[in-house]
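Notes for the one structure printed next.
Order of the sequence lines sets the chain letters (A, B, ...), proteins ahead of strands, with each chain counted from 1. In this text, all values refer to a predicted model and were calculated from it rather than measured experimentally.
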Amino acid sequence: MPAKRRYWLLKSEPDVFSIDHLLKAKGKRTCWDGVRNYTARNFMRDDMQVGDGVLYYHSNAKPPGIAGVAKVVKEGYPDPTQFDPKDSHFDPKSKPEDPRWMMVDIQGVAASPSFVPLDDLKANAKLEAMAVVQRGQRLSVQPVTPAEWREVLRMSGLKGKVDL
DNA sequence: GCCAACGTTGGC
DNA sequence: GCCAACGTTGGC
């Protein structure tokens with residue numbers, strides 16, 4: 001019996017790495033390195049599974065919102081940037097024999113035919129409990145419920161076009 | 001560019 | 001183990 005599929009929201013600044021960057025990357029894949037928050041780390045280390053669906057959220061954008069969909073293609077493993085003194089995400093307290101920070105790999109699936117702005121997420125009563133619409137919510141890796149996933153896919157124009 | 005909200009750090 | 005100070009996030 002395969003494990004139950006889960007859904008997630010990942011934030012990325014489009015100036016740094018947008019959904020288009022992801023879809024043009026080799027194999028449409030990337031490693032999700034640089035996360036330095038324990039809650040986000042725990043989700044990646046403990047809960048994200050191959051095949052899970054990912055809402056790709058553009059933060060610090062004008063406007064912010066859901067720009068596409070991706071999926072998890074590799075489960076949690078150590079983020080090498082934590083050991084690289086030249087990397088901005090270097091963590092001198094983390095040791096290779098006991099890595100502190102983990103990452104997953106994701107693969108782009110599709111850009112939203114209709115970008116879903118944060119304002120539209122906030123205006124949708126079905127999404128009022130969604131983490132990303134909560135005031136002060138900064139977590140860059142957030143769980144998404146199946147109902148939220150379906151509703152956001154419907155809003156994005158991807159419903160029925162994505163096998164997730 | 002501002003600043004509210006939040007997570008982390010470190011002195012005690 | 002408290003909590004003030006600090007750094008970061010991210011909408012606006």
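Nucleotide C:dG10 holds its C1' atom 15 Å from the NE2 atom of A:H58, rounded to whole Å. Between A:D15 atom CG and C:dG11 atom P the separation is 13 Å, expressed in whole Å. C:dT9 atom C1' lies 8 Å from atom CD of A:E13, rounded to whole Å. If you measure from atom CG of A:N60 to atom C1' of B:dG1, you get 12 Å, rounded to the nearest angstrom.
No more than 12 heavy-atom neighbours from other residues, nucleotides or ligands sit within 6.0 angstrom of CD on A:E128.
Positionally, the nearest nucleotide of DNA chain B for A:N37 lies more toward the 5' end than for the other of A:N37 and A:K93. Mapping A:R100 and A:K62 onto DNA chain B via the closest heavy atom, the residue that lands nearer the 5' end is A:K62.
We find the CD1-CG distance between A:I106 and A:L22 to be 5.0 Å, quoted to the nearest 0.5 Å.
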Please tabulate, one pair per line, all N/O donor-acceptor pairs under 3.5 Å involving side-chain atoms of residues 63-77 of chain A, not counting sequence neighbours.
residue	atom	partner	partner atom	Å
A:E75	OE2	A:V50	N	2.9
A:Y77	OH	A:D105	OD1	2.5
A:Y77	OH	A:D105	OD2	3.3

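Residues A:R41 and A:D46 are not paired through a salt bridge, judged by the lack of any N-O separation under 4.0 Å between the basic side chain and the carboxylate.
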Look for any protein N or O under 3.5 Å of an N or O in nucleotides 4-8 of chain C and output each such pair with its distance, or none.
residue	atom	partner	partner atom	Å
C:dT8	O2	A:R138	NH1	2.5

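Looking at every heavy atom in both residues, A:F83 comes nearest to A:K95 through CE2-C, 3.4 Å.
Proximity of A:K11 to the phosphate of C:dG10: a side-chain N or O atom is located under 4.0 Å from OP1 or OP2. At the phosphate of B:dT9, neither OP1 nor OP2 sits under 4.0 Å from any side-chain N or O atom of A:Y38.
A:K122 comes within contact range of the sugar-phosphate backbone alone, with a heavy-atom separation under 4.0 Å but no base atom that close.
Between A:Y56 and A:W32, a ring centre-to-centre spacing shorter than 6.0 Å is recorded.
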